[in-house]
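What follows is a set of notes on a single structure, which appears directly below.
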Amino acid sequence: MVMIATPDHWHALIAIGAARAGKDIYAEKPLAYSIAEGRAIVDAVQRHGVIWQTGSWQRSQQHFRLACELVRNGRIGNVHTVRVGLPQGNGIQDNGTQPCDPPQGFDYDMWLGPAPWRPYNPSRCHWNFRWISDYSQGQLTDWAGHHCDIANWAMDTELSAPVTIEGQATYPAAKDGLFDTPESYYFECQFKEGFTMIVADSMQQPKGMGVHFIGDEGWIHVNRSGLWAGPEAILKSPIRPNEIQLYRSADHIGNFIDCVRSRRPTITPADVAHHSIMIGHLGSIAMKLGRRLTWDPARERFADDAGANRHLSRPMRSPWNV
Amino acid sequence: MATIDRNQSYLLNLKRIFLTGLVALILNQGVLTAQVSDEEIRRIEEALPDQPVVQPQKPRNLLIFSLSLGYAHEAIAYADQMLARMGLKTGAFQSKISRDMSVFHADSLSAYDAICFNNTTKLLFEDENQRRALMDFVKEGGGIIGLHAATDNFYNWPEAAGLMGGWFDGHPWTADGTWQVVVNDPEHPLNAAFSEERFAVNDEIYRIRPLNLRRNSRVILALDMTDPANRKATGVRVSDRDIPISWLRSYGQGRLFYCSLGHNRQIYWHPQILQHYLAGIQFALGDLEADTTPVPFNWSAVVEAAEVQVILQEIKSYQYGESREAQMQLQELLRVIGHDAGMLRRTELQLIEFLQSEATLPAKQFICETLSSFAGDASLPVLMEMLSEESTWEMALFALERIPGERAAAILRQALPQSRGRMRIALVNALGNRPDQDALPSLIPLMEDADETLAVAAIRAVGKIGGDKAVKTLKKTAKKKTGLLHQEAIFAWLNCAVLYEQENQPAKAIRIYRELFNPDHPYAVRFAALRGMVNNHESKSARIILNELQSKDSDNRSMALRLLPELDADVDLTAIERAWPGFHPSGQVQLISALTGRNDVVSLGIFSGAMNHSQPAVQRAAIQALGQSGSVKAVDRLALLAATGRCEERKNAREALNRLQGDEINPYILQMLTQSPDSIKLELIRSAGQRHMSEAASVLVDYLENENPDIRLESAKALAQVGLPVHLKTILDHLLQTTSEAEQRELQKTVVALAGRTPGPNQRAAPLIERFNFTGDKQQQILLLEMMGKIGDPQTLPILKLAIAEPDTELQLAAVRALSEWPDALPMDDLYAIAATSTDDRQRILALRGYVRMIMLHENSDWSGKSQMYGRAMQLASGVQEQRQVLSGLAQVYSPEALQLVADYLDRPGLEQEAQMAVIQIAASLDEGLANEILPLVRRVQEQTSNETIRRQSQAIINQLSRWEDFLVLWEVTGPFLGEAGNLFDEAFVPEVDDHSGIAWKVLPQGLDSINYWHIDFGALMGGSNRVAYLRNRINSPADQQALLELGSDDAVKVWLNGQLVHANNTVRGVTPAEDKVAVQLKQGWNHLLVKVVNYAGGWGACLRLRQPDGSKLDGLEVALYD
């Protein structure tokens, strides 16, 4: 077994190498640095028959599952809007941004791996990589693997994707020369399944952090602090045997180990994680380009936008390649 | 003058009311938000057009909706006046003003032709019917008009926000400025008011987050973003180019007109804008024809080539570690430029020129990465040149890799022969990734290169290009090589098979898969090969899998198991049935897991066979598989195991039985309920309850007479889940007849549950009342009283009260208990009376407990009322136990009164800990503005407690609240000073220059903001826009010392200490404590503090405090006013 807990820009290389070696893999979210790297992971994992679990552990929490089951079983009627609230701002820990030699014993060139070369500075690597677009896309791609994942689970769009994406972000001034991922962000996704998913930092969501499902017969809100609904009675309506029941896991790592034994899919297989983070990546590209994008979920390409398609992957620094 | 209710709305009827009376009425309406003076009314009247733009086709009615739930604009009153008078003066419409959401009802709306959202803010429309009424109104032909803040609504309702055009996103162009507006569409009928193509307006201009605006609406006025002043306003983003002001659209059969002008009152006597409004309103009413065809925004008109040049000049000298502000600006500008292909090409040429300039390498690296997003063939010559340079090849290649097309590919191919080292590997990777068929002849020889890394890259690249030639070469390499290269060749070869699949050549793919499914190859390759064979071989896929399932090689069996779920449901699995008992238990688990979800005979046989397996893992998998099979046979097996298994097995089997899915399951359980032996029957009864099978209710009622007491008990339990009100009487009879206490307890619960499901609020306990009146048996009466309490039907109250008056103490006690368990607060007063007067200790304690519980249930009391109730309870509580109970109840009352109440018990022996916990719990929930009241108590708890958790929690609260501590509240104030908006910050008003002697300083009243004591709210004191106030006080410091002045202000602020200017911040913002931090030097003795606060618009306030330089509490200062 292999566990991947590196910065995002390393996920694909390690995952594909591990899959080719026939190893089962537990990998932290987000699945990958880019949509193309995520697709390459999914293909390798499926092709080589290894077990994959993504660290989207909210799925293994009972109240998140219940929220999804209530939505799936129509307790709030037809859902037309899903609001996903994620953290705002870059959580920078400033350790110094001026270039200097990397510490003794730290193979900085290997840490950079496929990312473009820049000189080392103390604020670049640990924790802070999240706020540097060379390695990640900020809070959005950090958290889409959690709350967009739950939104997809509830809406039965785990293997689907938005068809249009439009939004805008506020980027930092980067006077520190380093941190450049969005400080605030807001984008809307239309799904062909007939609903709108609005993903934004929590300051721009009326209900703050978490996933807020709005149907024509009520609403459900779920986050790490709890589960709420209106009307409240929705929370007391049990899911009956003949209703839709979702995959049960009470222990995210335990579920991985169980599946390593049974060789059955985990609660968050690679293709599911790919579609969760896809929402984050699509929003990130749409905001970066500042235009409305049309996405073809089957081909995983933007329609009629060659420029946007260039952002599906990033050239890797030699000799790295997937 | 008649006064009117806030929510009342009324018709302004042109025909019947004389003008004077009308003015009085409207003025009343205006009082709610701001006073519109007579002079201002005169100006509005004078500025309004005399004539309608077109004569109305019929009498038109306009609803003016003026409710704001967020920021309440002063403009609302002016717009109310203006609109009502516009209708009267021009005869274009009659109007009615409302602030009542209930007007959004089909019946009320049918009276109107259009609705004007007059500066409404934060409307939510949480009632689905009101939403439907509004949307139906528009779709069926109504008009919508939005003025200014009408885009600051519907944050939970995208459809309505989309109708209005978008969501408010700030207003960098503030109310004090004068801004250039461009008339996009001078010939448009709604723009007839404007004779020029541009005009200047003094108003606040909204930026919105548009919702498809440019695709569904016609924008007719916009901010002129070529104007330097508009571009330079504080808070303007590089991307702010398209700032629409007025637009119109069709929506269903209806129409929308929105105009973002109208923040300042002068707008409402601006003749041209009023003419524009009138045209828009008449369009919305349906009288004025106007083109609503959307017109795309002309981006190239608002961006100049020089803008890019200016930024590039900044970037030119960039070195790593320096600010990347200019780079971020370029990216922001590119978001704008990207809207126009022509501009993008022009920018590409500018960037290419930059690459040829003397810019630093880090700057060129950034530009290459930027170019990679959009560069075309025009960039190729320069990139090619850079590719030949040691210092620039890598950045050039980054861009080239993303440029599609043959010309870019040719450059990569041409560079390959001369390249070395990492660059050569990079080129090989890039050619493989494209994939470039023509590169194959140059790549194949590199597979043999002595540099193993290069050879691996070449093998992978060839595998990504694929095709017959690649396959042949890779196969040869795989055979010839050993170790790493052999393995890489195998994987690359496999990739060729996948490519064949994608090119729809399954036969070629299968040929490769067959060769690769070889025990010498790695597991991952064999699995991929087997999967490939199964996926491409539809007719034979089952046979392939079944063969491998019986293989001697455990790897092969495991792979086949993995693929088993992909087989169709009707595939014959008999072969597996024979083989599986020979599998290792881990293989059996995998097999059962793989078959889970199937319900064919073989699969069910395997599951059943595994149910009694000695290995728990196998058994667990089998139970789970049966549970998901949907088969009725699973019911038998699971019920049997639930009845006879060991502890863990029974639990798993019961859970599986409860979750069993399928249409046939419930009918089968119902059938087996009557046919099974008792041990199985018990499990089925249990399951029927858990599965909420109401169809089983009558059978279960029959079982209440069963001779087996276990069955009676289990049926009573299940009936609580599935019983219907119609069974209530029968169940009640059983309850009163049985002598088993266990059954009585269960049946009581069932009766209470069923009574709760009885429709009609006062019918719930009817059968119980009937029985109570008939029976003379005391034990039965007690049983009935107990249930009456839990049901809480008001009809039973008289019975309970009578019982309390009975001489029999057992009946009395049962009745008191019943009252104390009442589900709501109805019998609260009765309980209080019992607690206060009863001589029976048991009754007293029960009653007090019930009373305390009901305080939180009491609906008509606020926190203060609840505190008083707890106070009364405390007086009745005689024992420590009871007092603790009251304290823990009080801890949930989040009011200052409750805090004071519990504080009294901090020193009471035996109650210290409860009181401490209550203080902590209340303090944590109270508003932080009350910090001064809360902090001393929490500090006391922290000193007093011996409990580590409480100490920790106290510290957390102290940390949190001390953020609000020590704000200076003792001030003298003077103002307002009025001046020109642009000059307020710099203009030195008298308090800055004078010795203060001639100024009327007043003591700042306390409590201007009742919650946040620290907030100096000038708005409440002397509100208004474009004005200045000053504060002063004296501070006595025990010594010369450094200090930190922490302050927040709304808006701009200047601070003088001892006559020296120590802080100046010209800003527009709200009050955030300690937003500005200023290091100051206090001298020993009296120091003089003077503060200037400028209000540009909206809220107006400040807060200040002095701390130690590190931000911690600064003790020993004395604050005073002047004599």
Side-chain angles (χ1 to χ4, degrees), chain A residues 19-22 43 46-50 80-81 83 97-99 116-119 121 166-168 170-178 180 186 188 196 198 206-207 214 216-217 238 240-243 245 261-264 288-292 306-307 310-311 313 315-321, chain B residues 128 155-156 158 209 239 320-325 327-328 331-332 335-336 338-339 365 369 372-374 394 397-398 401-402 404 422-423 425-426 429-430 432-433 453 457 460 491 498 522-524 527-528 531 558-559 561-562 586 589-590 593-594 617 621 658-663 665 691-692:
Chain A
R20 285 165 55 140
D43 286 348
Q46 291 183 342
R47 192 184 292 177
H48 300 305
V50 300
H80 52 79
T81 308
R83 287 180 166 272
T97 54
Q98 283 312 300
W117 188 85
R118 324 276 185 214
N121 61 54
E166 182 171 26
Q168 50 188 298
T170 313
Y171 297 84
K175 288 183 186 168
D176 48 41
L178 198 57
D180 60 353
Y186 178 102
E188 294 187 24
T196 307
I198 302 172
K207 305 284 174 180
I214 311 171
D216 47 24
E217 291 168 29
R240 301 184 181 224
N242 276 357
E243 292 191 297
Q245 307 202 12
R261 290 207 184 97
S262 69
R263 309 311 295 168
R264 304 298 306 136
K288 192 182 170 88
L289 295 176
R291 59 179 179 256
R292 183 170 189 257
R310 294 194 191 186
H311 292 272
S313 65
M316 286 189 168
R317 189 168 66 106
S318 177
W320 302 106
N321 195 27
Chain B
E128 192 57 42
Y155 291 98
N156 61 340
R209 198 154 53 210
S239 56
Y320 292 125
E322 292 177 356
S323 167
R324 288 176 55 212
E325 196 171 8
Q327 299 178 15
M328 299 304 281
Q331 288 183 348
E332 185 88 40
R335 279 187 264 287
V336 177
H339 288 289
Q365 184 191 27
E369 286 169 14
S372 79
S373 304
F374 61 92
E394 195 155 17
L397 185 57
F398 188 100
E401 278 203 68
R402 278 180 157 174
R422 274 182 59 241
M423 176 173 173
I425 294 168
N429 287 341
N433 292 344
T453 316
R460 288 185 174 193
F491 277 101
V498 177
Y523 179 96
F527 180 86
R531 178 170 176 266
S558 153
M559 290 177 203
L561 282 170
R562 202 60 219 287
S586 68
V589 170
Q590 289 174 26
S593 305
N658 293 343
R659 296 183 57 199
L660 204 53
Q661 299 200 11
D663 294 338
I665 304 296
R691 296 174 64 88
H692 297 269

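For the numbers below, each heavy atom of this structure counts, side chains included, while hydrogens, waters and symmetry mates do not. These numbers were taken from a predicted model, which means no experiment stands behind them. Protein chains get the first letters and strands the later ones, always in sequence-line order, with residue 1 at the start of each.
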- Side-chain donor or acceptor of A/R310 paired with backbone N/O of B/R402 under 3.5 Å: yes
- Exam field: side chain B/E325 to backbone A/A173, donor-acceptor pair closer than 3.5 Å: no
- Task: Please report the C-alpha distance between B/V498 and A/R47 in whole Å, then the side-chain angles of each, then the deciding distance to 0.1 Å, and finally whether the side chain to side chain contact (heavy atoms under 4.5 Å, CB included) criterion is met.
- Result: CA-CA 9 Å; B/V498 177; A/R47 192 184 292 177; 3.5 Å; yes
- Item | Contacting region of A/S262 [heavy-atom separation from chain B under 4.5 Å] | both
- Message: Please classify the contact of A/D176 with chain B as side chain, backbone, both or neither, using a heavy-atom distance under 4.5 Å.
- Response: backbone
- Task: Using non-hydrogen atoms and a 4.5 Å limit, figure out which bit of B/E369 sits close to chain A: side chain, backbone, both or neither.
- Result: side chain
- Item | Side chain B/Q365, main chain A/W117, donor-acceptor under 3.5 Å | yes
- Side-chain heavy-atom pair A/P172, B/M328 within 4.5 angstrom cut-off: yes
- Contacting region of B/N658 [heavy-atom separation from chain A under 4.5 Å]: backbone
- Message: For a side chain to side chain contact (heavy atoms under 4.5 Å, CB included) check, start with the C-alpha distance between B/R324 and A/D180, then their side-chain angles and the critical distance, and finish with the verdict.
- Response: CA-CA 9 Å; B/R324 288 176 55 212; A/D180 60 353; 3.4 Å; yes
- Item | Steps toward side chain to side chain contact (heavy atoms under 4.5 Å, CB included) verdict (B/R209, A/Y186) | CA-CA 10 Å; B/R209 198 154 53 210; A/Y186 178 102; 3.6 Å; yes
- Message: Whether the side chain of B/R422 engages the backbone of A/S318 through a donor-acceptor N/O pair (distance < 3.5 Å, no angle test) should be reported.
- Response: yes
- Non-hydrogen atoms of chain A under 4.5 Å away: do they reach the side chain of B/T453, the backbone, both or neither? side chain
- Backbone N or O of B/G662 within a donor-acceptor pair of the A/N242 side chain at under 3.5 Å? yes
- Message: Nearest 0.5 angstrom please: B/E322 CD to A/K175 NZ, how far?
- Response: 14.5 Å
- Compare every heavy atom of B/F398 with every heavy atom of A/P116, then report the nearest pair and how far apart it is. CG-CE1, 4.4 Å
- Message: Please classify the contact of B/S372 with chain A as side chain, backbone, both or neither, using a heavy-atom distance under 4.5 Å.
- Response: backbone
- Task: Identify which part of A/W320 has an atom lying under 4.5 Å from any heavy atom of chain B, answering side chain, backbone, both or neither.
- Result: backbone
- Query: Under 3.5 Å, side chain of B/R562 to main-chain N/O of A/G49, donor-acceptor pair present?
  - Reply: yes
- Counting distance only, does the side-chain N/O of B/R531 pair as donor-acceptor with the main-chain N or O of A/H48 below 3.5 Å? no
- Note: vs chain B, highest number of non-hydrogen pairs under 4.5 angstrom among A/R291, A/H80, A/R83, A/M316 is A/R83
